[in-house]
Amino acid sequence: TDVYTNIEINQSVADSFYNSVEKELTYHNIDDVVNSMRVLKSVIEINAIRKAAEVAVQAFTEAMKTIEPGMYEYEVDALFDYFLRLNGCPRSAFPTIVASGSNINTLHYEANQREMLDGDLVMIDFGAEYSYYASDITRTLPVNGKFSEQQATIYKIVLEAHNAVLAAAIPGESYANLFYLSRDIIIDRLLEKGIITGTKSEIISNHTYRQYIPAGLGHCIGLDVHDPYTSNYRYLEENMVFAFEPHIYLYENDSTVNQDYWGVCARIEDDVLITSDGNEVLSSDLPKTISEIEKIMDK
Ligand code: GLY
Ligand code: MN
Ligand code: MN
């Protein structure tokens, strides 16, 4: 007797039934079919991602106005939770990252326990979920409202790479080329400014650049914050939605990095809809240049 349904089961009849059904069935893995359907978004999906991005931008804007030395990382996390629930989003799309000081060196830091101090950078990576669809946005901010010289230098390089990717992300371009574009800008500028040692060709052929750019360029967003994309060499098409997140990580004690820059990291991540003749940045209302950030954080 099945203890839950109280139904009498004759095990040998049940076994022969399942065995006969199994023999007649053919199983196919349909991941490829479903994944390819997820790459191009419908209007309804795009509208959900648009709303998820809008709410995240709103929450992020409030956080920027609020952050100051002495605040704890989890207070920023709490602000995000508050704003997304006020705006029809049941939860964040992934665990919010509020990584200040040396925590910025940890790629997927989620503890959010530290007191943010004067002189720190804080990297905040947050996404709202709306109607099951994700947004995914990162900003890197000076906790005291003003970038130091080294912080500004690294930030500007990331912003240049980020803007170059946004300008090039149009139908017909490949994701792989966008990554090479951002990687090359980052390596060129770090070398020109004497921040890293070596030659560009060695850094590329030895894959040393992965020390400074550990997480590629980005990914599609949709039902999952990391939505399927069938190939890095596939061309961009209208109705794809990407999170592009160029970044530089200069780890403490990295002997290839000028010591003045140890521990300085930056990432800028926006959500981008590919349109018929270009793209639309769904998170474009969120401050991104140094002057915009310093203005909104000015108390
Ligand atoms: N927050 C996850 C990512 O940026 O990919
Ligand atoms: Mn992110
Ligand atoms: Mn991302």
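Atoms within a ligand are numbered from 1 in the order they appear, just like the ligands themselves. Given the structure is predicted, the values throughout are model-derived calculations rather than measurements.
Taking a 4.0 Å cut-off on heavy atoms, His226 registers as neighbouring ligand 1. Using a 4.0 Å heavy-atom cutoff, Val225 is absent from the residues neighbouring ligand 1.
With salt bridges taken as basic N to acidic carboxylate O contacts below 4.0 Å, none links Glu45 and Arg38. Here Glu62 pairs with Lys65 in a salt bridge; the nearest charged N to carboxylate O distance falls below 4.0 Å.
Side-chain N or O atoms of Ser92 include one that pairs as donor or acceptor with a backbone N or O of Phe94 at under 3.5 Å. Looking only at distances, no side-chain donor or acceptor of Glu54 sits under 3.5 Å from a matching main-chain atom of Ala52.
Residues Ile124 and Val76 have side chains in contact (heavy-atom distance under 4.5 Å, counting atoms from C-beta outward).
In terms of protein heavy-atom proximity, atom 1 (N) of ligand 1 is nearest to Asp125 OD2, 3.0 Å.
Under 4.0 angstrom from ligand 1, there are no non-hydrogen atoms of His108.
For a distance threshold of 2.8 Å, the protein N, O or S atoms nearer than that to the Mn ion (ligand 3), listed by chain and number, are Asp136 OD2, His219 NE2, Glu245 OE2, Glu269 OE2.
At a cut-off of 3.5 Å, with distance as the only test, no side-chain donor of His162 or Glu269 sits close to an acceptor on the other residue. Of the N and O atoms on the side chains of Glu73 and Asn103, at least one donor lies less than 3.5 Å from an acceptor on the other residue.
Within ligand 1, counting atoms from 1 as listed, the ones closer than 4.0 Å to a heavy atom of Glu269 are 4 (O).
Note: Tyr249 and His247 have perpendicular aromatic rings, judged against thresholds of 30 and 60 degrees for the angle between ring planes.
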